[in-house]
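This structure is a prediction, so every number in the text was calculated from the model and none was measured.
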Amino acid sequence: MAAAGAFAFATTRDMGMQATNLAIGILCVLGGGIAAQWVAWRFKLPAIVLLFSLGLIFGPGLGILHPGGAIGPYFHPLVSMAVAFIVFEGGLALDLRQWRESGEGVLRLTAAALPINWVLGSLAAHYVGHLPWGTSWLFGAIVVVTGPTVVLPLLRHTKLRPRVAAFLRWEAIVNDPIAAILATLVLECLLIRPSHDGGISLATVEIGPHLLFATMFSIACGIFPAILIKFLSARDMLPEILRIPMILAFVMTVAALCNLIMQGAGLMAATVFGMALANLHVTGMSELQRIKESLGVIVVSCLFVLLTADLPRALLTELSLPIMALTFTVMFVVRPLGIFLSTIGASMSWQERLFVGWIAPRGIVAAAVAGVVGLQLHEAGYPGGDLITPAVFALIASTMILHGFSLRPLARALRLTLSDEPALAIMGANAWSTNLARVVHDRGIPVLLVDTYAPALNKAAGFGIPILRAELLSVEGMESLEERPADYLIAATPDAIYNGLVCARMAPDLGRQRVFQVSPGIARLDLYHGLSRDSRGKVLGEPGWNFSYIDSLYAKGWRFGSHVMEEHVEEADLLSGPGMLFMIIRKGSAIWIFSAEDAIPAEPAAGDIIVMLLPPAPAAGSPAAGPMPA
């Protein structure tokens, strides 16, 4: 009985320790990962660098996390499934219309640059890193990838021109599964053993057909479920509650199934599945876009912390001088030279070629593949197999830090970015909205006037205001807006319901605190009986400032004006003046658009630009203008 009691006590104690370790792991991985994302957003830092640093601190540094030991043999398969979701998310962004716009450059970066970089990287590994030839070819295959787990977050935080962003996006997503399969193929060749009669086993001649079969099978597995979802959706045979769960289940299923055929083939299947859904134009994808972006942030955050934390401390001691020399050779020689050779004669400017030749951060796929193949080579006793992992991780760390911090400054220097000033889009070209856009434009703030009515836009264009003739609720309109991205939106059409639809559509992209619409009327702003806050934007100004009211003031001679604050003024003083406060602009930082629904009042400071709707100047001898209209 005593022994049984001691066993029960020990079991309970072990369970308590496991629960404690799990809680610590969740706190470090989830809590730390999301905190790093927020800090990166708040201070405009590369989130990947912070996540990588967290992993080093929690893993090799403090020894708090041991993912590989805690999860065991399931760790790398789980990482593979998570990476499959990430490349699926990237595949959803690969619209063939963008291919037609920048197809030649994308084709050069995938079909031509990949083999060139593989050969150059392998030569560098052998002659600079002093790795054996077989290990060198494997290293070269791994590092040709530029992971979407690093590239896509960097693109979200940098306003690159659409063409350049398309180059990096397509290269990262398309090359990801190809590089994983290439590394698997090289590994299989290295592990081939001579047959008993002295010749090479039949595995040599089986690799080619096996690779072809795995590729075709992965493409079919990616296309078929997309066609099935399109078929079911078109015939109303797929309930909305099952649409997104079914899509996510297909991602995991096809990835796992194809990985059984060849390691890395699952990434190709997941990428093709995402591309097929995007180009088949399946309805209801907007909900998936929002969910997958949120899940993508969580998955990327967790993966980077876990993979970096799984690095053994001994790995850091293996970073010899040849490995560091190899790292910088790949960054400063191999990648730029490979891009230069592959883009000779392409319709890419020298600025684009220089930028793409430098920006090539490696991410989770390179880390996961290096961890798996390096272990297999080492266990097989292959010379230099234990150097694969430290060599690849040295390149990952260096590219994330150097490319992460240099992407924005280099893009600015090469004039490949859009303006860093906060940009405003105004939906609805009418007399007073055109006047507002002109005042903002004259202050050097990017503004875009959007409408479908050509005569109204032509009048605005005559004042030098950038215009866009498009329907913002259409795919074409959203794609056109991506070329001139906005940070804030004002829906200023006479139709309150349409304004609400535009704000609801743009809110997930811009943020619900950055989409505004003219008041639909005081009664309709009731939070319980009126229009739902999720179905409209924040009210522009006071509840009584509906479209007709502002339009009538404009007809009476009221006009927008702006001035620069010379000292700090309280918001209440601005609101009590003769004009109507519309916005406060802090150049290079933000635009504060006045709304009665603001939870926190603005704090205008010296140097801020104040934009107001002002009454006409009083004639000589007439009384001064009264207070702001109710």
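- At distances below 3.5 Å, not a single donor-acceptor pair connects side-chain atoms of S398 with backbone N or O atoms of L395.
- Neither side chain, R362 nor T399, offers a donor N or O lying under 3.5 Å from an acceptor on the other.
- The structure places CG of L51 at 11.0 Å from CG of L56, a figure rounded to the nearest 0.5 Å.
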Using a 3.5 Å cut-off and no angle test, enumerate the donor-acceptor pairs between side-chain atoms of residues 216-233 and protein atoms at least two apart in sequence or in another chain.
residue	atom	partner	partner atom	Å
S218	OG	A214	O	2.7
S218	OG	A265	O	3.3
K230	NZ	L280	O	3.1
S233	OG	I229	O	2.8
S233	OG	R243	NH1	2.7

Subject >> Worked check of side chain to side chain contact (heavy atoms under 4.5 Å, CB included) between L120 and V333 >> reply: CA-CA 9 Å; L120 294 177; V333 179; over 6 Å; no

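- A donor-acceptor pair is defined here as one N or O able to donate and one able to accept, closer than 3.5 Å; such a pair exists between the side chain of W118 and the backbone of W137.
- The distance from atom CZ of R161 to atom CZ of R163, rounded to the nearest 0.5 Å, is 11.5 Å.
- Shown here for I116 and G338, the closest heavy-atom pair between the two residues is CG2-CA, 3.8 Å.
- Under the 3.5 Å distance criterion, the side-chain polar atoms of H403 are matched with a main-chain donor or acceptor of A360.
- Taking the six-membered ring for Trp and the full ring otherwise, Y127 and W133 have centroids separated by under 6.0 Å.
- Residue F355 comes nearest to L407 through the heavy atom pair CE1-O, 3.7 Å, listed as atom of the first residue, atom of the second, then distance.
- Put simply, CZ on R353 and OG1 on T343 are 3.5 Å apart, with the number rounded to the nearest 0.5 Å.
- Proximity of a side-chain donor or acceptor of N259 to a complementary backbone N or O of G266 within less than 3.5 Å is detected.
- Salt-bridge annotation for R335 and E171: present, with a side-chain N of the basic residue lying under 4.0 Å from a carboxylate O of the acidic one.
- With hydrogens and angles ignored, the 3.5 Å screen pairs no side-chain donor or acceptor of H126 with any backbone N or O of S136.
- Closest heavy-atom contact between L160 and A411: CD2-CB, 3.5 Å.
- Atom CG of L30 and atom OG of S301 lie 8.5 Å apart (nearest 0.5 Å).
- Around atom CG of L260, more than 12 heavy atoms belonging to other residues, nucleotides or ligands sit under 6.0 Å away.
- A distance of 13.0 Å separates NE2 of H66 from CG of L306, quoted to the nearest 0.5 Å.
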